[in-house]
Amino acid sequence: MLRRQRHFLPAKPRRRPPPRPKPAAEPSAPTYTRDVVRRVTNILRDHPWSAARPLLLSLPGLVWDSHVVARVLKTHPPLQKAFLFFRLAASSPTPGAAFRHDRYTYTSMLHLLGEAGRVPAMLRLLAEMLRAGVDPDAATFTTVMHWLARAGDVDAAMRVWEEMRSRRGKCRPTLVSYTACVKILFHAGRAAEGRRVFEEMVAEGLRPSCTTYTVLIEHLADAGKFQATLQIMSDMQDAGVEPDKPLCNILVKKCASAGETSVMTFILQHMKEKGIVLRRPVFLEALEALKASGESPNLLWEVNPHLASEGMEYDPTFSHRSYITYRSTIIYLLASRNWSAIEQMVNELTTRNVKLESHIISDIIQASCANCRPSCGLTVLYYSLRVGSELDRSAYSCLLGQYIRNNSFDLVSKIVERLVKHGCNLGAYLLSVLILRLGSAGHSSYAAHIFGLSPAEQNVITYTALMNAYFQAGEVDKALELFTQMITNEISASAGTYEVLIYGLQKAGRKQDSDRYRRERMEIQWHRQYRDKHSPEDSLCDHLFCGFHG
C-alpha cells in the first residue's frame, strides 16, 4: 500500500530577539565650586606644603581661575600655605591660557597679609601688583589703608587715600572707602579732617549707611556729646536708616561707661520697640551702671528677657564658694547627655544647698524628657522645689507630659500636688490640659484631685475640663452636679461648656437633657451677640472645647 507523500511547508526562520539597548551611562555628578573650595581649604589646613602641592595639582574639578582662587583665600587658610597657594596658582598649567592674578586675588592676599600684621609684605605685594599692570580698585586701596591704620601708620594710610582720590578716572572711592577713612581719622584724633571727608562724601552724592552713622555716633560718644548722638540717631531715622544691633550695643556700652543713664534709657526704649537685644557683656555693664545710679533695671530686663536671670547673681544663695565649679560641671554633663551623673550631681547640690539658675534647671528637665529620661527630670524638679527656684511652665509641661505618656497617672497627681503646695503657679491652661488628658485616660478621680488642688484656678476652663473627664468616665450625674456648682459659684458657662454638656448627654442617651441644654445655649448666644467683649477665659474655653468630642 502506497503511502501518501506528505508535503511540509518550508520552515520559517526563527526571529531573533532585538538586541537589548545598552544601559545609558549615568550622568556624572556636577562639580560645584563650593565643594572644590572646601576640598582645597581642607588640603591646605591638614597637610604640609610638600604633600599639599601634588594633591592640589591633581585635584579633580579644580579650575585655576580668579573666582576659585579668591574664594579659597577668603576662607583664611594658614598664612604661609595661603601665600604658597597664591604663587602656585600663577605657575599652574591652565588649559587654554596661563592664569594671571587680577585685582580680586591680589586684594584677597593683601587682606590676609594685613590681618596677620605683615604690613611690609603687604606693601611689597601691592608694588608687585602695580608692576604687573593690574590696576587696584577701591576695595584694594581700602584694604591697604585699613591695615596701615591698624598698624599705627595713619600718615601712610592717608597717602593711600590720596592716591585713590587721584585716580578718579580709574578708581572712584566708594561709600565703604569714605567710611573707613572717616573712622581712621576719628580714631587718630583728627576730627576736623574726618568731618571734611564726611562732607565730601555727602557732596559726592553717596548716602551714609548705618555703619557710617555708627562711626559718627561712636566718635561723639567718646567726646562725651551724648545728646548729639541722639540727634544723629533721629537724623538717620529720618533718612530711612534704622539703628541696628551693633550701633545700639556700642552706644549703650559708651553710656554705661560714662554713667549717662538718661540717654541709655532712650536707647533701650528704641531697642524694646524694634526687638533688639544686648550682648551679655554690654548687658552686665548697663546693669552695673543702673544699679550704681540707683535707677530701676526693669526696662533693661524687658529688652533682654533672655538675660533676666543675670539679676539673680546678687542673690546670696549664689555666693557658695563651689558654685562656679558645680555650674560648669552641670553644663558639661548636660552637653554630653550624661543623665546618671547629672542625677548624682543634683543630689549633691541638694545636700549642700547650692542654688543654680532657673534657666539651667529648666533646660535639664526639658532635655532629659526629650531623651526619655524623666527620672532625671523628676530629681531636678524636686531639687528646684527644695531650693525654691521657680521654673518655666514649659519645663513642668515636658515632665508631666512624659509621665502621662508613660501612664504614670498617680505620679502626675503627686507632682502637681507638690508643685501647688510649694506655690508654683501652673496656670489655668496647663491645669485644664492635664485634666483633659487624665479624663481621656479614664482617670476622673485624679482629674478631680488636681482640680481641687488649685481653688484660685477654678474657672470656666477647668470646670469644663473636669466635666469632660466625668463624661469620659461615664459619671454623668457628677458632671451635671459640677455644672450646677459652677453656676452657683457665679461662673458663667461658655459655648465650649455647653458643647461638652450636649455631646456628653447625647453619648449617655439622655436626649431630653441634651435638648434642654441646647435650647439654653441658643438663648445665651442670642443675648451675648450684643456684647462687644468676651473674657479671655471664655475665648480659651471655646477654643479648647468647641468642636471637641472626647
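Please read all numbers here as calculations on a predicted model, not as lab measurements.
When all heavy atoms of Val182 and Val215 are compared, the pair lying nearest together is CG1-CG1, 4.0 Å. The shortest heavy-atom contact between Arg45 and His76 is NH2-O, 3.0 Å. The nearest pair of heavy atoms linking Thr174 to Ala138 is CG2-CB, 3.8 Å. Between Leu175 and Ser209 the shortest heavy-atom distance is CD2-CB, 3.8 Å. Across every non-hydrogen atom of Leu290 and Pro297, the tightest pair is CD1-CA, 4.0 Å. Summarising the geometry of Ile365 relative to Gly377, their closest heavy-atom pair is CG1-O, 3.8 Å, with the distance given to 0.1 Å.
Two residues are said to be in side-chain contact when any heavy atoms from C-beta on lie closer than 4.5 Å; Leu84 and Leu44 fail this criterion. Proximity of Ile250 to Ile217: side-chain heavy atoms (C-beta onward) are nowhere separated by under 4.5 Å. Using a 4.5 Å heavy-atom threshold, the side chains of Val197 and Met201 count as separate. Between Gln237 and Pro243 there is a side-chain heavy-atom pair separated by less than 4.5 Å. Contact annotation: the side chain of Ser166 approaches that of Glu163 to within less than 4.5 Å [non-hydrogen atoms, C-beta and beyond]. Taking the side chain as every heavy atom from C-beta outward, Ile184 and Trp161 never approach each other to under 4.5 Å. A heavy-atom distance below 4.5 Å is not found between the side chains of His101 and Glu128. No side-chain heavy atom of Ser368 sits under 4.5 Å from any side-chain heavy atom of Val380.
Not one N or O on the side chain of Lys253 forms a donor-acceptor pair closer than 3.5 Å with the backbone of Pro281. Panel note: side chain Asn249, backbone Arg279; a donor-acceptor pair is recorded below 3.5 Å. Using modelled atom types, one side-chain atom of Thr265 and one backbone atom of Thr261 make a donor-acceptor pair closer than 3.5 Å. Looking only at distances, no side-chain donor or acceptor of Arg150 sits under 3.5 Å from a matching main-chain atom of Gly114.
Gln80 CD: 12 or fewer foreign heavy atoms inside a 6.0 Å radius. Residue-environment remark: OH (Tyr104) stays at or below the threshold of 12 foreign heavy atoms within 6.0 Å. Other residues, nucleotides and ligands contribute at most 12 non-hydrogen atoms within 6.0 Å of the OH atom of Tyr332. By the 6.0 Å contact criterion, CZ on Arg190 is enclosed, its count of non-hydrogen atoms from other residues, nucleotides or ligands being greater than 12. Around the CZ atom of Arg167, the shell of radius 6.0 Å holds more than 12 heavy atoms that belong to other residues, nucleotides or ligands.
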- Message: What verdict does the side-chain contact (heavy atoms from CB on, under 4.5 Å) test give for Met236 and Leu216, after you've listed the backbone C-alpha separation in whole Å, the side-chain angles of each residue and the deciding distance to 0.1 Å?
- Response: CA-CA 11 Å; Met236 65 184 291; Leu216 293 175; over 6 Å; no
- Where do Arg195 and Glu199 land on the salt bridge (Lys or Arg N to Asp or Glu O under 4.0 Å) test, with the steps shown first? CA-CA 6 Å; Arg195 284 193 290 271; Glu199 292 170 0; over 6 Å; no
- Can Thr212 and Tyr178 be said to form a side-chain contact (heavy atoms from CB on, under 4.5 Å), step by step? CA-CA 8 Å; Thr212 313; Tyr178 276 107; over 6 Å; no
- Should Leu333 and Ile364 be marked as a side-chain contact (heavy atoms from CB on, under 4.5 Å) after you check the CA-CA gap, both sets of side-chain angles, and the distance that decides it? CA-CA 10 Å; Leu333 294 174; Ile364 295 174; over 6 Å; no
- Task: List the steps, then state whether side-chain contact (heavy atoms from CB on, under 4.5 Å) holds for Phe186 with Glu218.
- Result: CA-CA 9 Å; Phe186 280 159; Glu218 188 175 5; over 6 Å; no
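Electrostatic pairing of Arg103 and Asp135 does not count as a salt bridge here, judged by no charged N lying under 4.0 Å from a carboxylate O. A salt bridge does not link Lys291 to Glu288: none of the charged side-chain nitrogens sits closer than 4.0 Å to a carboxylate oxygen.
Donor-acceptor pairing under 3.5 Å is lacking for the side chains of Gln231 and Thr229. Checking Thr142 against Ser177 by side-chain atom types alone, a donor-acceptor pair falls below 3.5 Å. Side-chain contact of Thr179 with Thr211: a donor-acceptor pair under 3.5 Å is absent, judged by distance alone. Inspection of the Asn347 and Thr350 side chains reveals no N or O donor paired with an N or O acceptor under 3.5 Å. Side chain to side chain, Thr105 and Ser108 fail the donor-acceptor criterion of an N or O pair below 3.5 Å.
Put simply, CG on Leu278 and CD1 on Ile267 are 10.5 Å apart, with the number rounded to the nearest 0.5 Å. Here the CG-CG distance, from Leu148 to Leu123, works out to 5.5 Å after rounding to the nearest 0.5 Å. To the nearest 0.5 Å, the span separating CZ on Phe86 from CG on Leu125 amounts to 5.0 Å. Note that the NE2 atom of His187 and the CG atom of Asp222 stand 7.0 Å from one another [nearest 0.5 Å]. Note that the CG atom of Leu334 and the CD1 atom of Ile330 stand 8.5 Å from one another [nearest 0.5 Å]. If you take SG on Cys181 and CD on Glu162, they are separated by 8.0 Å, rounding to the nearest 0.5 Å.
The aromatic rings of His111 and Trp147 sit tilted, their planes meeting at an angle between 30° and 60°.
Shown are Met271, Met264, His270, Met233; of these, the side chain to side chain contact (heavy atoms under 4.5 Å, CB included) with Leu251 is made only by Met233.
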